[in-house]
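Quick note: numbers below take in every heavy atom, side chains included, and nothing from hydrogens, waters or symmetry partners. Just so you know, residue 1 is the first one in the sequence shown, and it goes up from there.
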Amino acid sequence: QVQLVESGGGLVQTGGSLTLSCVASGPLFNTYTVGWFRQVADKEREFVATISWRTGNKVYVKSAEGRFTISRDNAKNTVHLQMNSLKSEDTAVYYCAAVQWKTGTTTRQEYDYWGQGTQVTVSS
């Protein structure tokens, strides 16, 4: 079992950057695929990016391609989401999630463990 804690959210102006971090506690972090999702009130939680446990393969939602970068440091049990060129529509609570032994996971239902979320607000 793994526990996840997000940090790095905040208020940023349009065009600015933020880096979110997800720190995991528990064994065998290198066997977990980790994803980032975001949610705006009254809307479904949306997939943003994922990085696989085995090959480090990365998948992004189309709106994040070219602006966001997901990375992991297994030695520090950490996954980062670097977000550049932020837009007002990126405003949401961002959650990291983890699932063991699976790859290519881009839907909420495929993840077993979730953090509490961190708020990102992009102002114009």
Side-chain angles (χ1 to χ4, degrees):
Q1 191 169 359
V2 65
Q3 293 182 326
L4 306 171
V5 178
E6 305 96 334
S7 62
L11 175 64
V12 63
Q13 289 187 330
T14 300
S17 299
L18 279 176
T19 299
L20 306 183
S21 298
C22 174
V23 178
S25 60
L28 301 176
F29 175 71
N30 61 340
T31 65
Y32 286 82
T33 284
V34 177
W36 284 96
F37 289 74
R38 63 188 178 189
Q39 189 169 20
V40 176
D42 300 327
K43 290 191 175 181
E44 291 288 318
R45 194 167 294 188
E46 173 193 32
F47 166 77
V48 177
T50 185
I51 185 165
S52 73
W53 70 274
R54 189 161 57 114
T55 64
N57 185 49
K58 305 169 186 180
V59 179
Y60 300 91
V61 68
K62 191 171 181 62
S63 62
E65 288 179 353
R67 299 189 300 127
F68 293 6
T69 302
I70 190 171
S71 61
R72 68 188 297 158
D73 183 343
N74 288 334
K76 296 183 178 179
N77 281 18
T78 301
V79 171
H80 299 290
L81 183 69
Q82 181 179 349
M83 306 186 294
N84 299 326
S85 302
L86 283 162
K87 306 174 182 180
S88 58
E89 50 262 45
D90 294 318
T91 295
V93 177
Y94 283 70
Y95 297 88
C96 73
V99 59
Q100 195 174 25
W101 304 122
K102 292 183 180 179
T103 60
T105 46
T106 60
T107 66
R108 179 179 181 179
Q109 293 77 10
E110 295 176 286
Y111 286 85
D112 295 320
Y113 304 101
W114 292 84
Q116 293 301 306
T118 185
Q119 176 71 47
V120 171
T121 304
V122 183
S123 66
S124 55

Trace of the side chain to side chain contact (heavy atoms under 4.5 Å, CB included) decision for Phe37 with Trp114: CA-CA 10 Å; Phe37 289 74; Trp114 292 84; 3.6 Å; yes
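- Taking each heavy atom of Glu110 and Thr106 in turn, the nearest pair found is OE1-N, 3.0 Å.
- In terms of heavy atoms, Gly8 sits closest to Leu18 at O-CD2, 3.8 Å.
- Taking 4.5 Å as the limit, every side-chain heavy atom of Glu6 sits out of range of all side-chain heavy atoms of Val23.
- Residue Asn30 comes nearest to Arg72 through the heavy atom pair CA-NH2, 4.1 Å, listed as atom of the first residue, atom of the second, then distance.
- Judged by the 6.0 Å and 45° rule, Arg108 forms no cation-pi pair with Phe47.
- Counting only distance, with no hydrogens or angles, the side chain of Lys58 and the backbone of Ile70 share a donor-acceptor pair below 3.5 Å.
- Under a 3.5 Å cut-off, the side chain of Ser17 and the backbone N or O of Asn84 do not form any donor-acceptor pair.
- Annotation: side chain of Tyr32 is not in contact with side chain of Leu4 (no heavy-atom distance under 4.5 Å).
- You'll find the side chain of Met83 stays beyond 4.5 Å of the side chain of Thr69, heavy atoms only.
- Counting non-hydrogen atoms of neighbouring residues, nucleotides and ligands closer than 6.0 angstrom, the CD atom of Glu46 exceeds 12 such neighbours.
- Looking at heavy atoms from C-beta onward, Gln119 lies out of side-chain contact with Tyr94 at the 4.5 angstrom threshold.
- Under the 4.5 Å side-chain heavy-atom criterion for grouping Ile, Leu, Val, Met, Phe, Trp and Tyr, Phe68 is not connected to Val93 through any hydrophobic cluster.
- Remark: the Asp73 side chain and the Thr78 side chain contain no N/O donor-acceptor pair separated by less than 3.5 Å.
- Side-chain N or O atoms of Arg45 include none that pairs as donor or acceptor with a backbone N or O of Arg38 at under 3.5 Å.
- In this structure a side-chain-to-backbone donor-acceptor pair under 3.5 Å is missing from Gln13 to Val122.
- In the hydrophobic clustering of ILVMFWY residues, with side-chain heavy atoms under 4.5 Å counting as a link, Val61 and Ile51 come out apart.
- Under a 3.5 Å cut-off, the side chain of Ser52 and the backbone N or O of Asn57 do form a donor-acceptor pair.
- Side-chain contact check for Gln1 versus Tyr113: some heavy-atom pair is nearer than 4.5 Å.
- Put simply, the side chain of Asn77 gets close to the backbone of Ala24: a donor and an acceptor are under 3.5 Å apart.
- Judged by the 6.0 Å and 45° rule, Arg54 forms no cation-pi pair with Trp101.
- When all heavy atoms of Gly9 and Leu20 are compared, the closest pair comes out as N-CD2, 3.6 Å.
- Under 3.5 Å, the side chains of Ser71 and His80 contain no donor-acceptor pair of N or O atoms.
- Looking at Tyr95 and Gln39, their side chains come closer than 4.5 Å, going by heavy atoms from C-beta outward.
- Counting heavy atoms from C-beta on, the side chains of Trp36 and Val79 come closer than 4.5 Å.
- Annotation: side chain of Thr19 is not in contact with side chain of Leu81 (no heavy-atom distance under 4.5 Å).
- Screening Thr105, Val34, Thr31 for a side chain to side chain contact (heavy atoms under 4.5 Å, CB included) involving Val99 leaves a single residue, Thr105.
- Not a single donor-acceptor pair under 3.5 Å links the side chain of Thr50 to the backbone N or O of Val59.
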